[in-house]
Amino acid sequence: MCGIVGVVNESREAGPDIFFACTEMQHRGKESGGIAVFDEEAGYMDKHIGMGDMAQVFMGKSAASLRGKIGIGHVRYSNTGSSSLKNAQPVIGFFRGKEFACGHNGNLVNTKALMNECSMVNRFFDSDCSDTRVVAGMISQSRAASFKEALLEVLPKLEGAFCFLFLCDGNLYAARDPYGFHPFQLGRRGRDCILASESMVFDHLSIESPSRVERSAEFERDISPGELFIAGRFGEYSMMWSEPKNLKFDIFEYIYFLRPDSKVYGVRVELARRMMGRYLAEEQPAEADIIVPVRSSGSAASRGYAERMREMGYLCKEEPEGLFRPNVVGRVWVEPFQEIREEYLRLKFNIIPELIDGRDVIVVDDSIVRGNTIKRIVKLMRQGGARKVHVRISCPPYMWPDIYGNDTYKDYQNDRLVALTLMGDAAAIAKSIGVDSLGYLSLEKTKRAILDVKEPGSILDMDSFYDGVFTKKYPAGTGDYIIR
Ligand code: 5GP
Ligand code: MG
């Protein structure tokens, strides 16, 4: 998963806005990041791209030193293509002699075919080239009359998931795949236009009005699946580059990826997760003394779980500090290397033994993928003297790889998806991770929880989700990926 943001400001410099937005989206990726801005007067595109999180990328350089009122930013969590500087984004290309920049969230599944089709030997392509660089290469190669025409030529060839932001010659182009796998939202701050992966970005980008009242940007609408939206020096323009298909929004965005304060399709993420926790209590209760959330991704579900358990007459209470989360490491998973992930896991959690000793514990987390996290936690609980350890997970067994944005394909190939290796059998998985019991939330209730908290007018229904990691259904096909 990645985060993207685009800004078209009327009078302010775009660099600082983009920098802050990217920093707020760091949970979506921090392997690399970057900003490209266009200076209308100079006709020049300035950029700064590097490895690490935004603070590392901009060490010793100020985002305010980038000149231009229009620009894009990207934070990366690698999918296709290695985690390296040459695959860092925004990717830079040239179209008809003009430099352009491209930021992508999602993952294409026909990258190999696209590379062959292009049969182009140039600096864009090599063996571990990212899908995004292939797209930039295709645009660079296009003989279309305008950048927009080039996009209309290239976009229909792409299979898989994408939210794209392009910056070329003073215009910003936003394109979304026809299924709408990942969030892409348009916000407004006065006359400034902001595009971002997550709506909470709008809350953070504010201006002081003449009356000194702070006014934040506001959500205006979602970029539609299949839409091409253009903003820049000639104003704004929107068209459909493709017929939209039935919306297939990645359900894992609600389960895990989105920040709790974001709202997508009328669903505030925190509330959906709490509701998942409530259903989890109904489907998978257990006798215990305390309920311990795995912060921070399991916090909301745990809150809902504890609340519903009390309503149902269970006496257990929530003990959020039972599993202590030092403030030093962010999202561990975003680390691409298994060894480093395990090292981080040791740093990520600790326990306060006095809160656990001699108690029966229910640990609540949002998901188990490879099982690294939960194994570590269970070990800590036992060390802390827990008598029984029950685990409750606020989504179904993660059985199949994600191929549209959050690469678990390598884990799939290496038999590391623990639920798949044990055929989704909760009792067997419980045994393998060494817990007294394990309960998952049903897919039906996972969806129901999201729909329960939607605002009136939300277009979501039971059929609006991409849930391939639970069902092996891949609406945009599997392309280069082989899933047996
Ligand atoms: P595991 O350690 O089982 O591989 O991963 C499970 C933990 O990582 C859970 O605590 C969950 O919050 C988080 N997680 C699950 N899926 C993903 C994912 O696709 N990306 C990231 N960054 N974290 C995930
Ligand atoms: Mg987690």
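Order of appearance sets the numbers: ligands from 1, and atoms from 1 within every ligand. Count residues from 1 along the sequence.
Shown are R273, E283, E311, M309; of these, the side chain to side chain contact (heavy atoms under 4.5 Å, CB included) with R278 is made only by E311. Partner D463 forms a salt bridge (Lys or Arg N to Asp or Glu O under 4.0 Å) with one of K447, K248, K473 and no other, that one being K248. Test K388, K431, R382 against D436 for salt bridge (Lys or Arg N to Asp or Glu O under 4.0 Å) and you get one pass: R382.
No donor-acceptor contact under 3.5 angstrom links the side chains of R448 and S442, judged on distance only.
The pair E24-R259 meets the salt-bridge criterion, since a charged nitrogen lies less than 4.0 angstrom from a carboxylate oxygen. Ion pairing between R28 and E198 holds under the 4.0 Å rule for side-chain N and carboxylate O. A salt bridge links R416 with D411: the distance from a Lys NZ or Arg NE/NH1/NH2 to an Asp or Glu carboxylate oxygen falls below 4.0 Å.
Residue-level proximity to ligand 1 for D365 is carried by the side chain, the only part with a heavy atom below 4.0 angstrom.
Close approach of ligand 1 to R370 is summarised as follows: ligand atoms under 4.0 Å from at least one heavy atom of the residue are 1 (P), 3 (O), 4 (O). Applying the 4.0 Å criterion to heavy atoms of F257 picks out, from ligand 1, the atoms 18 (C), 19 (O), 20 (N). Set against the non-hydrogen atoms of D366, the atoms of ligand 1 under 4.0 Å away are 9 (C), 10 (O), 11 (C), 12 (O). Of all atoms in ligand 1, listed by their number and element, those nearer than 4.0 Å to a heavy atom of N372 are 1 (P), 2 (O), 3 (O). The atoms of ligand 1 that sit less than 4.0 Å from any heavy atom of S297 are 10 (O), 12 (O).
Checked against the 6.0 Å centroid threshold, F249 and Y466 do not count as a close aromatic pair.
Residue S367 holds the heavy atom nearest to atom 15 (C) of ligand 1 of all those in G371, S367, A419.
At least one N, O or S atom of S297 sits under 2.8 Å from the Mg ion (ligand 2).
In terms of polar-atom proximity, defined here as any N/O pair under 3.5 Å, N406 does make such a contact with ligand 1. Residue T408 has no nitrogen or oxygen atom sitting less than 3.5 Å from a nitrogen or oxygen atom of ligand 1, judged on distance alone. Considering backbone and side-chain atoms alike, F252 places every N or O at 3.5 Å or more from each N or O of ligand 1.
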